[in-house]
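To keep things clear, I will list the structure first and then write my remarks on it.
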Amino acid sequence: MTSMSRARVARRIAAGAAYGGGGIGLAGAAAVGLVLAEVQLARRRVGNGTSPHVPNADGLYGRTYTVPTDAPLLLTMLGDSTAAGQGVHRAGQTPGALLASGLAALAERPVELRTVAMPGARSDDLDRQVALVLADPGPVPDICVIMVGANDVTHRMPPTRSVRHLSSAVRRLRTAGAEVVVGTCPDLGTIEPVQQPLRWLARRASRQLAAAQTIGVVEQGGRTVSLGDLLGPEFAANPRELFGPDSYHPSAEGYATAAMAVLPTVCASLGLWPAEEERPDASRREGFLPVARAAAEAASEAGTEVTAAMPSGPRGPWALLKRRRRRRVPEQEPTPATPSN
């Protein structure tokens with residue numbers, strides 16, 4: 001599917017989400033159902049690494065940066081098993097821990113991590129997760145990172161419904177005062193046990209949803225980072241390194257790759273990224289585009305950020321497409337946070 005075709009489909013899905021539609025399919029519901037069946041068979045065949053246990057990474061990171069007058073930055077992870085870190089064994093290997101460590105290092109300020117993400121969650125679980133976040137008696141998080149979408153595709157959730165729930169979550173968090181970064185639907189066509197032609201269908205469905213998610217998120221004031229190709233060429237070329245034992249969830253190295261892609265956008269949303277890198281760089285094919293076109297391009301290239309840029313014009317809302325440079329951060333284990341009173 002071309003970028004322009006993907007942009008048209010994404011616009012239709014996002015419009016359906018905004019206006020209550022629900023009948024637009026992704027690559028054929030029956031075909032995606034076959035992908036789900038094959039993934040489930042493959043996971044049963046592999047038989048290990050599928051425990052729902054996720055290391056508890058919540059706590060304080062960057063304690064050495066503590067200054068009496070500086071309260072920690074608050075980072076909250078929402079979404080599915082990818083946001084929670086299912087598939088690794090140590091807390092410091094989860095994406096939340098990696099992001100908290102990197103944010104603390106770049107901000108030179110401690111970061112407190114809270115995770116409400118749930119393995120197996122779909123976008124309709126975000127309503128519950130956001131309610132948990134906003135019900136906390138403490139301060140509203142400075143930054144919320146959401147990773148969701150894979151289970152929507154494999155469980156054949158209508159994409160308009162999926163985008164509607166995600167957009168609502170972003171709107172509620174932004175209204176409360178939190179910055180929001182969304183890692184869009186990963187490329188399910190890279191799951192190692194899935195064979196052609198289902199691999200192609202899974203890739204198409206994943207990218208269509210990722211593009212539609214981007215439109216919905218940007219329109220609500222959030223930013224997105226494409227995870228698609230992070231679970232694409234790098235994962236396909238190094239499946240034993242970048243996938244976990246179940247061949248479905250990322251390994252520690254895979255999560256580190258995803259965290260490195262999301263970290264610059266997290267920092268930029270908090271005003272912590274170098275100012276000279278905020279200007280679009282034509283040599284990196286960055287620039288201002290209609291939001292649907294930016295969403296379609298981002299869905300095809302890992303680590304691509306999309307954020308709102310200009311008011312709506314004759315061609316609809318515009319967005320800034322950025323390809324930020326990744327920065328590796330060291331793995332750190334959390335220091336348990338002191339419970340708030």
Side-chain angles (χ1 to χ4, degrees), residues 3 6-7 9-11 13-14 17-18 75-80 82-83 95 99 117 123 126 130 143-150 152-153 159 162-174 178-188 206-232 257-270 273 278 280 284-310 316-324 326:
S3 176
R6 190 176 295 115
V9 172
R11 275 197 301 267
I13 294 171
L75 165 65
T76 299
M77 301 292 296
L78 304 91
D80 57 22
T82 307
L99 287 171
S123 293
L126 291 175
V130 170
I143 177 74
C144 292
V145 175
I146 304 174
M147 297 180 181
V148 75
D152 298 23
V153 174
S162 174
V163 173
R164 188 180 305 125
H165 283 291
L166 176 59
S167 298
S168 173
V170 174
R171 180 172 61 253
R172 291 169 66 192
L173 293 169
R174 292 289 292 130
E179 297 292 336
V180 181
V181 174
V182 175
T184 54
C185 182
D187 185 349
L188 297 181
S206 304
R207 290 185 176 183
Q208 285 179 3
L209 180 57
Q213 286 177 318
T214 294
I215 295 175
V217 169
V218 168
E219 288 180 345
Q220 299 302 328
R223 303 186 187 212
T224 64
V225 179
S226 168
L227 299 183
D229 279 354
L230 292 176
L231 306 181
T257 303
M260 280 191 294
V262 174
L263 177 61
T265 300
V266 166
C267 292
S269 70
L270 294 171
W273 208 241
E278 290 304 293
R284 294 168 60 82
R285 295 177 292 116
E286 298 177 344
F288 299 98
L289 296 169
V291 66
R293 185 178 162 196
E297 290 200 14
S300 301
E301 185 172 345
T304 304
E305 175 190 318
V306 180
T307 186
M310 302 178 183
W318 283 65
L320 173 61
L321 186 145
K322 293 279 295 178
R323 295 175 172 87
R324 296 186 183 276
R326 304 178 197 173

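On a predicted model such as this, the values are computed, not experimentally measured, just so you know.
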Considering all heavy atoms of both residues, which atom of Val181 and which atom of Ser269 are nearest to each other, and what is their separation? CG2-OG, 4.2 Å

Using side-chain heavy atoms (C-beta onward) and a distance below 4.5 Å, is Leu99 in contact with Ile143? no

Taking side chain as C-beta onward, heavy atoms only, is Glu305 less than 4.5 Å from Arg223? yes

Within the side chain of Ser226, is there an N or O that forms a donor-acceptor pair under 3.5 Å with the backbone of Ala298? yes

First locate atom CG of Leu126, then atom CG of Asp80, and finally report the distance between them rounded to the nearest 0.5 Å. 9.0 Å

What I'd like to find out is whether the side chain of Leu78 reaches to under 4.5 Å of the side chain of Cys144, using heavy atoms alone. yes

Separation between CZ (Arg171) and CG (Leu166), nearest 0.5 Å, reads 10.5 Å

Would you say Ser167's side chain and Arg164's backbone share a donor-acceptor pair under 3.5 angstrom? no

Assess the residue pair Leu173 and Thr76 against the criterion (side chain to side chain contact (heavy atoms under 4.5 Å, CB included)); give the C-alpha distance rounded to whole Å, side-chain angles, the decisive distance to 0.1 Å, and a yes or no. CA-CA 11 Å; Leu173 293 169; Thr76 299; over 6 Å; no

For the side chain to side chain contact (heavy atoms under 4.5 Å, CB included) test, which of Thr265, Thr307, Val217 pairs with Thr224? Val217

Taking all heavy atoms of Gln220 and all of Arg174, pick out the closest pair and write down the distance. O-CG, 3.5 Å

Looking only at heavy atoms, the pair that brings Ser206 and Pro186 closest together is CB-O, 3.2 Å

If we ignore hydrogens and angles and just use 3.5 Å, is the side chain of Glu297 paired with the main-chain N or O of Thr304 as donor and acceptor? no

Where is the tightest heavy-atom contact between Val306 and Ala294, given as atom of each residue plus distance? CG2-O, 3.9 Å

Between CZ of Arg285 and CG of Leu321, what distance do you get to the nearest 0.5 Å? 8.5 Å

Nearest heavy-atom pair of Ala268 and Trp273: which atoms, and what distance? CA-CB, 3.8 Å

Test side chain to side chain contact (heavy atoms under 4.5 Å, CB included) applied to Asp152 and Cys185, step by step: CA-CA 9 Å; Asp152 298 23; Cys185 182; over 6 Å; no

For residues Thr184 and Gln213, is any side-chain donor paired with an opposing acceptor at under 3.5 Å? no

Considering all heavy atoms, the nearest Ala117-Ala83 contact: CB-CB, 3.6 Å

May I ask you to test the His165-Val148 pair for a side-chain heavy-atom distance under 4.5 Å? no

